[in-house]
Amino acid sequence: MQIQAHPLEPFFQHEVATIFEGKLGLNDPELTGYVARVLCTFSEEGSPFLSRPAVGHPIEELVAMIRASDPVYGKAPSFDAERAMRKYIGDYALFVAGMVPEALDNDHDGPSRHPSLGELIQAGKESYYVVSQFNVFEYKKEAPLFGRLSEQFERYVLGLALVREELGKRLSMAPQFG
């Protein structure tokens, strides 16, 4: 049984592949497909990211998610739950750092702040690394992809920033209705 692709997946796949291959020299269809699916996930109505009152998670929530993902000292009920939470944290960090820079905290003052770019990069790289270490059984095939995401996280953030820039140019040229 084939899974129905997200309606935006072909569009995002094209945009990500064009930027990653054309501007960054990254010819990795598996990776561009994965990044396109991350964009689809975070663009869906009802996405936890889009339903937040303020854009993104405050730093306290990000730190709490990382701590909670630990199945030994945290609240994760299993190693599978740890992997799922770490995958979400990596995806979230990649998405926000590349596509939603206004959600980043440049002013580290205040009682509740959002993560800085450096904090998101660290959380994303670390989380994808943890996911890549699940390299047996049903996760064996995907593990190298998450290893690449961890190793070159900053490069993929740059790629998404370029995708955002390209999409912004297209939107500014679109005809206005109303």
Side-chain angles (χ1 to χ4, degrees), residues 3 6 9 12-13 16-17 20 24 26-44 46-52 54-101 103-105 108 112-164:
I3 297 173
H6 189 282
E9 190 171 334
F12 284 139
Q13 174 70 37
V16 171
F20 279 37
L24 300 179
L26 295 168
N27 186 7
D28 187 339
E30 180 185 24
L31 189 122
T32 56
Y34 182 80
V35 172
R37 287 186 297 280
V38 167
L39 293 178
C40 290
T41 299
F42 283 99
S43 68
E44 279 189 6
S47 160
F49 179 79
L50 293 178
S51 65
R52 301 195 63 77
V55 177
H57 292 282
I59 186 68
E60 300 83 12
E61 286 185 33
L62 183 61
V63 169
M65 284 191 297
I66 293 169
R67 284 190 189 132
S69 72
D70 186 333
V72 177
Y73 301 106
K75 297 178 182 175
S78 68
F79 287 106
D80 284 336
E82 173 190 23
R83 182 186 183 278
M85 178 60 84
R86 285 298 193 147
K87 183 179 169 297
Y88 173 79
I89 294 167
D91 292 349
Y92 168 80
L94 181 65
F95 177 77
V96 171
M99 296 296 288
V100 196
L104 300 175
D105 194 346
H108 298 304
S112 182
R113 65 176 185 85
H114 289 83
S116 68
L117 178 60
E119 290 165 332
L120 274 180
I121 288 173
Q122 180 181 350
K125 287 179 81 144
E126 177 184 291
S127 291
Y128 280 149
Y129 175 78
V130 170
V131 174
S132 77
Q133 298 307 293
F134 285 78
N135 56 9
V136 295
F137 307 118
E138 69 268 26
Y139 303 126
K140 186 175 185 170
K141 186 177 176 185
E142 283 186 328
L145 168 70
F146 291 101
R148 293 192 305 278
L149 282 162
S150 175
E151 290 166 8
Q152 296 190 51
F153 190 82
E154 295 92 335
R155 199 168 181 194
Y156 304 128
V157 167
L158 171 61
L160 280 180
L162 294 171
V163 167
R164 178 183 187 213

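Residue numbers start at 1 and run along the sequence shown.
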Side chains of [X] and [Y]: closer than 4.5 Å at any heavy-atom pair?
X    : Y    : value
L62  : L120 : yes
L149 : V131 : no
L162 : L158 : yes
F12  : S43  : yes
L31  : L26  : no
V96  : H114 : no
Y34  : V38  : yes

[X] [atom1] to [Y] [atom2] distance, which is reported to the nearest 0.5 Å:
X    : Y    : atom1 : atom2 : answer
R148 : D28  : CZ    : CG    : 4.0 Å
N135 : K141 : CG    : NZ    : 15.5 Å
Y156 : I121 : OH    : CD1   : 14.0 Å
K87  : E82  : NZ    : CD    : 14.5 Å

>> Is it the case that over 12 heavy atoms from other parts of the model lie below 6.0 angstrom from the CZ atom of R67?
In response: no
>> Counting only heavy atoms not in Q122 (residues, nucleotides, ligands), do more than 12 fall under 6.0 Å from its CD?
In response: no
> Going by an N to O cut-off under 4.0 Å, is there a salt bridge joining E142 and R83?
Replying inline: yes
>> Under a 4.0 Å threshold between the charged nitrogen and the carboxylate oxygen, would R113 count as salt-bridged to E119?
In response: yes
Nearest atoms (heavy-atom pairs only) where [X] meets [Y]:
X    : Y    : value
I66  : A123 : CD1-CB, 3.9 Å
Q13  : P29  : NE2-O, 4.4 Å
S69  : R86  : OG-NE, 3.1 Å
G147 : S132 : N-CB, 3.4 Å
M65  : M85  : O-CG, 3.8 Å
A97  : L117 : CB-CD1, 3.7 Å

>> Which label fits Y139 and F134: parallel for a plane angle under 30°, tilted from 30 to 60°, or perpendicular past 60°?
In response: perpendicular
> Can you say whether the rings of F42 and F95 are parallel (under 30°), tilted (30 to 60°) or perpendicular (over 60°)?
Replying inline: parallel
>> Would the distance check show the side chain of Y128 and the main-chain N or O of D91 forming a donor-acceptor pair, the cut-off being under 3.5 Å?
In response: yes
> Counting N and O atoms only, with roles assigned by atom type, does the side chain of S150 sit under 3.5 Å from a partner on the main chain of F146, one being a donor and the other an acceptor?
Replying inline: no
